[in-house]
Participant: 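Handing you this structure, nothing more for now.
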Amino acid sequence: MGKSTSQANPTKTPEKNSVIRRGEVAEFFRKRTQLVGFSMEMHKFTQYCAEFSDNALDAIEAHYWKRTPKSKKQISVPVVLPEPPEAVTYSEVPQSLKTIQRQNSPNSISDRIRLLVNPIRSIINIEPVLLMIMQELEKPEILPSDVAGRNLHMFSFEAIDTGIGMTLRDLREYGLYLASSKSIKLRQTRGSQGFGASSAFSDAQNTTGRPIVVASRHSAERQGYASIFFTTSKNKKDYLLKETETSISFSHGTYIQLSFLNLPYRRGYADEYVRQTSYLNAHVNIIFIDPYGDVYIYPRRVHEFVREPGYAMPHPSSTSIGDFQDLIRNSTHTSLTDFLSRSYCRLSRRKAQQIITKAAKRIQSDPITSRLSPKQLSQAQIKALYASFISEKYYAPPTETVVPVGEEVIQRTLQEIFDAEFVEAVSRPPTSSKGLAFAVEVAAVYDSKLSNQSGVGVLYRFVNRTPKLRDNSDCAIWKAASSVNWRNYRMDVASNGLPTGSVRLFANVVGPFVHLIFKAQSKQALAEDDILLRELKLGFEEVGRKLRRHIVRVIARREQERRADVLLRYSRMVAQSLVNIQRTDSKMPKKQLEALPEQLEQVISRVAGIESPLPAKMQESEEVAVE
Amino acid sequence: MSARSRRRNSSVNTTLEDHVTGSDSSSTDQFAAVQKLRSSLQSTQVSSKLPRGVKLVTEKDTENLHAEIHSLLRSLVKEIGKGNPPSLELPLRGSGNIIWDEENDLLLLGERTTVRSLGSLRTAKDVTRLIRVLEIVHELLEKDIHATKREIFYNDVNLFEDQRQSDTTIDDIGPLLGTNRESTHIVASAKGTVLGRLVLEDSGDRIDCTRLGTGGWSITPFLDRVEIVESDAEFLLIVEKDAAMLRLSEVKWWNKYPCILLTAKGSPDIASRIFARRLSKELKLPAFTLVDADPFGHYIHSVYLRGSKRLSYESPFLATPDLRLLGVLGRDLDKYNIPKECRLRMSSEDIKRAKAMMNEPFVAQNSKWVADIRLMVKRKEKAEIQALSSHGFEFLADTYLPTKLETGDWI
């Protein structure tokens with residue numbers, strides 16, 4: 001009875017023989033920023049934008065959700081936003097930090113923020129805004145040997161968001177490894193554990209040796225704070241300016257500033273990332289300024305702010321025995337019924353009782369009752385309990401944990417962006433895997449105006465509304481797309497299995513589930529979960545069927561137009577001949593002959609199934625020369 | 001001193017002595033055989049009633065054809081006014097739908113038709129071409145001019161694309177209007193010549209074919225402009241080769257033997273065939289051919305006789321149905337002692353052609369003809385008309401032809 005804890009009796013072994021010690025997470029990851037996507041390549045530009053826009057969008061959403069009333073069921077009501085601003089402009093690109101005095105005081109930080117905010121001061125306090133600026137600084141003087149030969153430039157990166165902002169305490173933690181505002185409870189958020197910003201800071205410091213500048217103002221507080229610091233391998237901060245009260249020109253939000261080294265800037269990476277981000281985040285105004293000084297503005301397009309995803313306890317289905325054992329080990333519940341019904345969603349006390357009873361039947365020798373506490377269970381009992389737990393049927397997990405973008409919004413946004421003859425979106429109802437809910441959304445855009453593309457140019461991947469530009473063919477989305485028989489939907493197919501041509505596909509996987517299924521810490525690809533693959537495939541097929549209907553219609557229409565064109569061409573010649581011949585026929589009524597060309601035009605148009613293209617009076621110029 | 005009397009399509013016989021200028025045997029028996037043949041031709045047969053659904057194809061004159069085109073198109077315009085796409089119903093002109101009543105010498109068109117509509121993608125181009133050709137034919141009729149098939153093609157190269165296409169369309173116009181090609185004023189160039197006892201009017205010019213020197217009158221393709229005025233010939237002689245023609249024209253052979261001479265200088269063109277037919281029909285003359293003694297010569301005879309092997313829509317209008325093969329026959333080579341050195345060896349092509357001809361039904365049913373061809377093949381010998389000159393240049397005109405005519409030695 002009870003868990004037998006077998007702890008080795010500590011014998012006094014000499015220290016000098018022990019070699020294993022626990023390392024520091026920070027120490028490990030500081031040197032391996034490439035694991036999180038920071039290496040000397042074009043994608044680094046993307047990664048900086050990605051990390052901070054992820055955080056910014058999460059922060060903005062948190063701010064709006066905090067303000068909205070919650071119904072009794074704790075489901076938030078979507079916020080209705082005012083009419084989007086008529087035009088969002090960013091008139092003057094601020095000077096780069098190269099020429100300005102380095103920020104080392106609260107005032108200089110404040111000034112810099114004011115300068116950046118000035119062109120959008122009319123909306124900064126009323127609209128959700130994300131502003132990112134990347135500029136080129138002076139060339140680095142010294143380079144380490146491993147990169148000495150390469151042509152590296154130094155860039156500054158600044159981001160401002162009008163999110164919920166950070167309190168003083170949060171600000172102190174911000175940027176350290178594993179410091180996250182997203183709790184261990186997995187929700188549908190973009191960021192999760194707290195690797196993003198910290199990795200970015202590591203890369204910035206590693207490559208330039210310059211400190212990080214952060215300023216933030218929480219929506220509930222009257223003042224903002226600024227700090228300048230380095231992060232250390234001990235996962236602490238080394239300050240140049242400890243958190244100090246600072247006047248900040250926006251009412252709530254965060255400003256960060258850092259510098260990094262990378263290859264010379266090229267378009268098509270960071271700007272592409274920001275552009276795609278705007279596709280599924282139409283509820284935010286996004287502005288990006290690149291080192292060339294080009295300003296990319298993506299204004300808000302929708303009236304409704306996105307709904308807050310709920311949180312739910314894990315779902316019993318597809319819980320592994322390891323997860324189960326872990327929960328039991330860490331459980332503080334005093335009874336099994338409590339443990340079961342409170343650790344999992346869709347598990348009532350009655351159901352818990354049923355499970356316990358069934359489990360008891362499995363091992364008569366070691367009776368299980370609901371009065372036992374989880375910690376008291378033996379291995380055999382745990383196994384029996386798990387077996388009956390897993391064999392039960394449960395209702396699907398609550399779908400409030402998943403907030404899809406929605407077919408209508410996706411369609412409307414893509415239609416505005418592409419102005420295409422065919423835009424269709426499909427949002428599959430939420431389902432779950434590994435105990436967490438998710439939903440798949442797929443959209444297709446088709447227009448002969450679009451350029452012929454294949455591979456990455458055709459498939460756009462999104463996870464929790466965040467675009468993923470790397471590790472494309474590694475991702476479950478890609479694999480699901482290439483498993484579809486696109487030829488069946490009248491598409492040309494490339495050797496990679498994706499359709500080619502004037503078509504664009506979009507897939508968005510949303511839900512807390514995604515956090516469990518990224519293939520690497522860089523969070524660029526999803527692993528191949530069976531249920532995920534199935535959902536994706538079904539989504540693609542559904543959108544494929546709509547696409548096929550459209551293409552067939554287009555082909556039929558084109559064929560009809562071609563046929564009509566041919567028939568009308570001939571009928572005009574015939575009309576001319578008939579008029580020429582019958583002109584000399586005394587028995588031919590003149591009126592009937594005069595009306596002939598137009599009549600024939602109408603008859604043939606009708607036969608060809610189209611509207612008569614000529615106006616009421618036929619042009620005189622249509623003369624066929626007759627000798 | 002040619003006192004001529006008008007010869008109409010009546011059965012009045014006058015003596016021939018008036019016309020003979022030469023001194024040689026001028027007995028009336030000379031042409032007894034020929035006259036006998038002639039009187040058999042003059043008895044016309046009553047045409048039987050046409051079966052239902054069958055259309056008679058006839059030559060039509062300008063005015064009638066003009067009116068018919070207008071009438072056809074008037075109903076077409078009316079159809080369009082009712083809201084229907086115009087369509088043309090074409091009788092099929094393949095051998096499966098045409099009947100040549102050889103006894104009455106009539107071309108009959110059966111009931112099978114095909115409909116070409118402007119509303120169908122498949123046939124719209126055809127309809128356009130047909131109406132375009134109708135437009136051209138209408139213009140030709142209105143202005144009373146003629147055009148060749150090639151000229152019609154050039155009239156709208158974009159629409160026709162290829163002369164073969166315009167030719168096919170032109171072929172279809174005949175059945176559509178129930179008439180032959182000639183009536184539509186679409187012609188082909190001609191190369192034949194006519195000499196002899198014939199007076200005609202060509203576009204208003206009066207032409208006496210006895211007074212055209214030795215060259216003769218060139219047959220014009222505009223045969224509707226030609227009117228046969230009068231003739232006192234007893235027969236028509238169609239000569240394959242110009243060389244033989246010259247032989248006869250040099251001595252004005254027609255003065256001794258009243259006839260009309262016609263040659264197309266080899267394979268006959270359409271105008272020559274039409275004119276030969278006309279002479280034979282209008283003047284009710286017996287017609288003979290003088291060809292080489294070889295399968296090709298016999299083939300030329302068959303072309304004048306009934307046209308191409310396969311019965312086509314036009315052939316009845318180009319045939320001279322009662323044409324007789326006068327010479328040079330296979331059996332004449334021995335009969336008239338053509339020396340062996342003047343006879344040529346038959347080639348394999350000749351033999352092939354000879355065999356093909358014997359297989360033709362219209363040849364096979366003529367046993368004498370078959371026998372003659374078989375004789376040539378057996379001997380493997382052939383001879384040209386000119387071989388007769390081995391007996392002297394005058395042999396052809398003075399001996400050979402008269403003897404043959406007198407004795408009725410023809411097939």
Side-chain angles (χ1 to χ4, degrees), chain A residues 555-614 616-618 621-627, chain B residues 63 65-88 116-143 145-147 151-161 169 173 177:
Chain A
I555 291 177
R557 205 191 329 129
R558 218 179 289 150
E559 186 52 43
Q560 196 189 42
E561 277 168 15
R562 189 192 68 85
R563 180 173 166 262
D565 193 51
V566 171
L567 285 179
L568 280 175
R569 199 161 20 106
Y570 288 131
S571 78
R572 283 174 196 151
M573 287 192 235
V574 166
Q576 189 60 259
S577 296
L578 289 177
V579 165
N580 288 342
I581 301 175
Q582 290 302 91
R583 253 204 284 259
T584 63
D585 185 4
S586 53
K587 293 201 193 148
M588 181 89 235
K590 266 209 167 351
K591 283 239 168 87
Q592 200 174 40
L593 191 60
E594 266 169 34
L596 176 71
E598 195 190 319
Q599 268 179 342
L600 186 56
E601 185 86 4
Q602 282 174 357
V603 167
I604 298 296
S605 296
R606 184 174 43 84
V607 163
I610 59 167
E611 287 299 306
S612 174
L614 280 193
K617 252 208 154 314
M618 181 159 147
S621 55
E622 296 233 341
E623 297 264 326
V624 174
V626 176
E627 246 71 69
Chain B
E63 213 180 295
L65 197 57
H66 191 161
E68 206 167 308
I69 291 179
H70 276 311
S71 146
L72 173 68
L73 294 183
R74 227 176 297 137
S75 51
L76 211 69
V77 172
K78 209 156 129 197
E79 270 305 295
I80 296 172
K82 283 198 210 150
N84 300 322
S87 64
L88 293 171
R116 309 250 173 96
S117 166
L118 191 58
S120 157
L121 199 61
R122 205 173 33 93
T123 55
K125 208 197 300 200
D126 288 335
V127 171
T128 314
R129 284 177 175 156
L130 277 167
I131 295 190
R132 187 86 186 81
V133 173
L134 271 181
E135 192 187 346
I136 295 169
V137 167
H138 171 258
E139 191 194 338
L140 295 176
L141 293 174
E142 276 224 322
K143 296 183 183 169
I145 56 176
H146 304 75
E151 286 179 293
I152 291 174
F153 164 66
Y154 276 120
N155 202 285
D156 200 336
V157 179
N158 287 327
L159 178 60
F160 294 120
E161 288 162 8
T169 313
I173 293 291
L177 298 172

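Just so it is clear: chains get the letters A, B, ... in the order the sequence lines come, proteins before strands, and each one is counted from 1. Everything numeric in this text was worked out from a predicted model, so none of it was measured. Note: hydrogens, waters and symmetry copies are ignored here, and every other heavy atom, side chains too, is used.
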Participant: List the atom of B:Leu159, the atom of A:Met573, and the distance in Å for their closest heavy-atom pair.
Facilitator: CD1-SD, 4.0 Å

Participant: For B:Gly119 and A:Val607, which heavy atoms make the closest approach, and how far apart are they?
Facilitator: O-CG1, 3.5 Å

Participant: Evaluate side-chain contact (heavy atoms from CB on, under 4.5 Å) for A:Val603 paired with B:Leu118, printing each intermediate quantity in order.
Facilitator: CA-CA 10 Å; A:Val603 167; B:Leu118 191 58; over 6 Å; no

Participant: Which atom pair, heavy atoms only, marks the closest approach of B:Pro85 to A:Ile604?
Facilitator: CB-CD1, 4.1 Å

Participant: Given a strict heavy-atom distance threshold of 4.5 Å, which part of A:Ser586 is in contact with chain B: side chain, backbone, both, or neither?
Facilitator: neither

Participant: Mind checking the OG1-CD spacing from A:Thr584 to B:Glu139? Nearest 0.5 Å is all I need.
Facilitator: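 A:Thr584 atom OG1 to B:Glu139 atom CD measures 10.5 Å (nearest 0.5 Å).
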
Participant: Find the distance between CG (B:Asp126) and OH (A:Tyr570) and round it off to the nearest 0.5 Å.
Facilitator: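 One gets 9.0 Å once the value is rounded to the nearest 0.5 Å.
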
Participant: With a 4.5 angstrom heavy-atom cut-off, could you sort out which part of A:Arg606 is near chain B: side chain, backbone, both or neither?
Facilitator: side chain

Participant: Taking side chain as everything from C-beta outward and backbone as N, CA, C, O, which of these in A:Ile581 sits under 4.5 Å from a heavy atom of chain B? Side chain, backbone, both or neither.
Facilitator: both

Participant: Is any side-chain heavy atom of A:Ser577 closer than 4.5 Å to one of B:Leu134?
Facilitator: no

Participant: What's the spacing between A:Gln576 CD and B:Ile131 CD1 if we round to 0.5 Å?
Facilitator: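 Nearest 0.5 Å value for the CD-CD1 distance: 12.5 Å.
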
Participant: With chain A as the partner chain, list the residues of residues 70-77 of chain B whose heavy atoms fall under 4.5 Å from it, by residue number, and write 'none' if nothing qualifies.
Facilitator: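 B:His70, B:Leu73, B:Arg74, B:Leu76, B:Val77, listed by number.
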
Participant: Restricting to salt bridge (charged side-chain N to carboxylate O under 4.0 Å, His left out), what partner residues turn up for A:Glu559, sequence neighbours left out?
Facilitator: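 Expected list: A:Arg562.
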
Participant: Could you tell me the separation between the CD atom of A:Gln599 and the CD atom of B:Glu79, rounded to the nearest 0.5 Å?
Facilitator: 11.5 Å

Participant: Quick one: what part of B:Leu130 sits under 4.5 Å from any heavy atom of chain A, side chain, backbone, both or neither?
Facilitator: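 The answer is neither part of B:Leu130.
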
